[in-house]
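Here the structure comes first, spelled out in structure tokens, and everything after it is commentary.
When a ligand or atom number is given, it counts from 1 through the structure's own listing order.
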Amino acid sequence: MKADILHQIYDPEVLRQQGHQLIDLIADHLEAAIDGRLKKTIPWRDPEESLAYWRQYTQDSPQGLFEDILKQSIKLHNPKYMGHQISPPAVLATLSGLLCDAINNGMGVYEMGTASTTIEQVVVEFFCQYLGYDEEGGGFLTSGGSLANLTGLLAARRCIAVDDVWQKGSSGKLAIMVSEQAHYCVDKAARIMGIGQDGIVLIPADDSYRMRTDLLEKYYQKSVDQGFEVIAVVGSACTTATGSYDNLQDIADFAQQKGIWFHVDGAHGGAVIFSNKYRHLAAGIEQADSIAIDAHKMLMTPALSTILLFKNKSNSFRTFSLEASYLWDQAGALEWYNLAKRTFECTKLMMSIKIFTLIQSYGKSGFEAFVDNLYNKAVEFYSIIQNDPIFETAHRPMSNIICFRYNNTHVSELKLDELNLKIRSALVKDGEYYIVKTQLKDRLFLRMTLMNPFTTAKELTGLLDKIKSLGLDQMH
Ligand SMILES: *Cc1c(COP(=O)(O)O)cnc(C)c1O
């Protein structure tokens with residue numbers, strides 16, 4: 001071993017040896033997952049217990065550490081994983097991640113990411129093409145749907161609001177309109193922007209948890225009458241809790257009529273632009289002024305990698321106009337290749353590579369197969385759950401999200417929430433399967449998102465059987 005610590009830290013032989021072993025570890029794990037040999041999805045440990053474990057952890061070797069981390073992490077590749085909306089990453093995307101982490105190009109300015117910046121442009125063009133934007137369309141990648149939604153809404157404020165809030169700070173009363181079923185990050189974004197609770201105009205949802213677009217006019221007028229300047233309306237494609245797609249065409253028409261910004265939160269379901277079968281769910285999406293799509297949800301990349309697209313790409317340069325003379329020669333120039341001119345991030349992950357590698361190898365077909373597999377399966381699973389009298393479903397699935405609950409008629413309506421909450425906790429502690437929960441119209445439902453293409457009716461039946469037996473246990 002070389003003497004000084006810095007040579008040890010950068011020893012290529014360590015990379016070679018440990019790297020080969022690590023790849024074997026991950027490949028064995030993936031194989032076991034797909035073959036259905038993993039016993040647990042989530043190795044539940046109380047947080048305090050886990051903290052104590054890692055505090056006193058002493059590794060015997062880096063490989064031992066990697067194995068322990070794998071062992072103690074939730075396993076998205078297990079077909080019994082049906083929880084939160086994050087992809088089991090594709091093999092090539094994982095490998096791209098390794099390369100990106102090894103070379104660590106910073107991306108803020110072109111010089112700090114000569115390949116990844118231009119590849120990002122190619123990825124953006126690919127999305128624009130399938131979305132149906134014309135040559136004015138463009139955008140960039142950013143760190144997560146939450147940040148993409150905030151960035152889109154900041155662009156809305158810059159382009160629509162009468163005051164220049166960016167320069168002068170906030171004085172007026174701005175408002176945005178969004179479904180009561182929208183992801184909470186839209187609410188968060190509005191508050192960060194200084195909009196405040198009263199400026200967040202929540203539009204009620206219908207029985208399918210879709211925005212009541214027939215109420216847009218009424219809520220708009222009410223807000224204007226209260227002295228608000230409505231700058232944007234946000235459509236969900238789809239919502240997080242139930243996977244419901246808002247009627248984007250109606251929202252587009254409304255936004256156009258009022259001259260306000262139309263943003264689509266397509267973090268989860270924007271991926272349908274690649275599916276011939278399911279594209280219709282997002283009809284009208286190409287009329288949005290800005291759209292966020294998470295590749296780490298329905299496009300099989302590691303987190304975070306999010307696409308933020310603009311119908312008119314020049315608007316994307318207006319969001320963050322900053323003078324940073326050490327970064328660029330001309331602050332005002334619309335240089336697509338100096339990405340930090342348009343992003344919140346300065347240093348940014350090389351996320352384009354993880355998407356590009358999938359586009360290169362499989363074209364849109366890979367994305368389409370993933371979406372179709374999961375959306376088709378939701379319809380099949382829904383009918384299985386629906387046909388079992390012990391379960392109650394909350395909605396017909398429009399995507400790969402299904403909300404349902406254990407509903408034993410011997411239990412009063414009031415006690416059902418508590419019972420389902422207990423079942424969900426018991427499931428997590430058991431660890432074989434992983435699903436989540438959600439609140440719908442003040443009632444608690446179990447919620448599954450089918451994120452794994454290898455989940456079959458067998459895993460579903462196993463899960464339902466386990467829920468039934470946990471349900472009976474809880475009642476005694
Ligand atoms: C997941 C999700 C988000 C948040 O995206 P992150 O990438 O987790 O920041 C926003 N909107 C919807 C509809 C989502 O499903």
Do Glu368 and Lys277 pass the salt bridge (charged side-chain N to carboxylate O under 4.0 Å, His left out) test, and can you show the C-alpha distance, the side-chain angles, and the key distance before you say yes or no?
CA-CA 9 Å; Glu368 182 170 39; Lys277 185 168 175 189; over 6 Å; no
Stepwise, does the side-chain contact (heavy atoms from CB on, under 4.5 Å) test hold for Asn400 with Met451?
CA-CA 8 Å; Asn400 52 336; Met451 292 307 298; 3.7 Å; yes
Are any of the side-chain nitrogens in Lys80 or Glu459 under 4.0 Å away from the carboxylate oxygens of its partner?
no
Run Arg318 and Cys159 through side-chain contact (heavy atoms from CB on, under 4.5 Å) and show every step you take.
CA-CA 8 Å; Arg318 300 181 63 194; Cys159 296; 3.6 Å; yes
Kindly tell me which protein residues have any non-hydrogen atom under 4.0 angstrom away from an atom of ligand 1, grouped by chain and ordered by number?
Gln85, Gly144, Gly145, Ser146, Asn149, His183, Cys185, Cys238, Thr240, Asp265, Ala267, His268, Asp294, His296, Lys297
Trp336 ring center within less than 6.0 Å of Phe317 ring center
no
Residue pairs passing the ring pair (Phe, Tyr, Trp, His ring centres under 6.0 Å) test with at least one member in residues 352-378, sequence neighbours excluded, are Phe274-Phe367, Tyr278-Tyr375
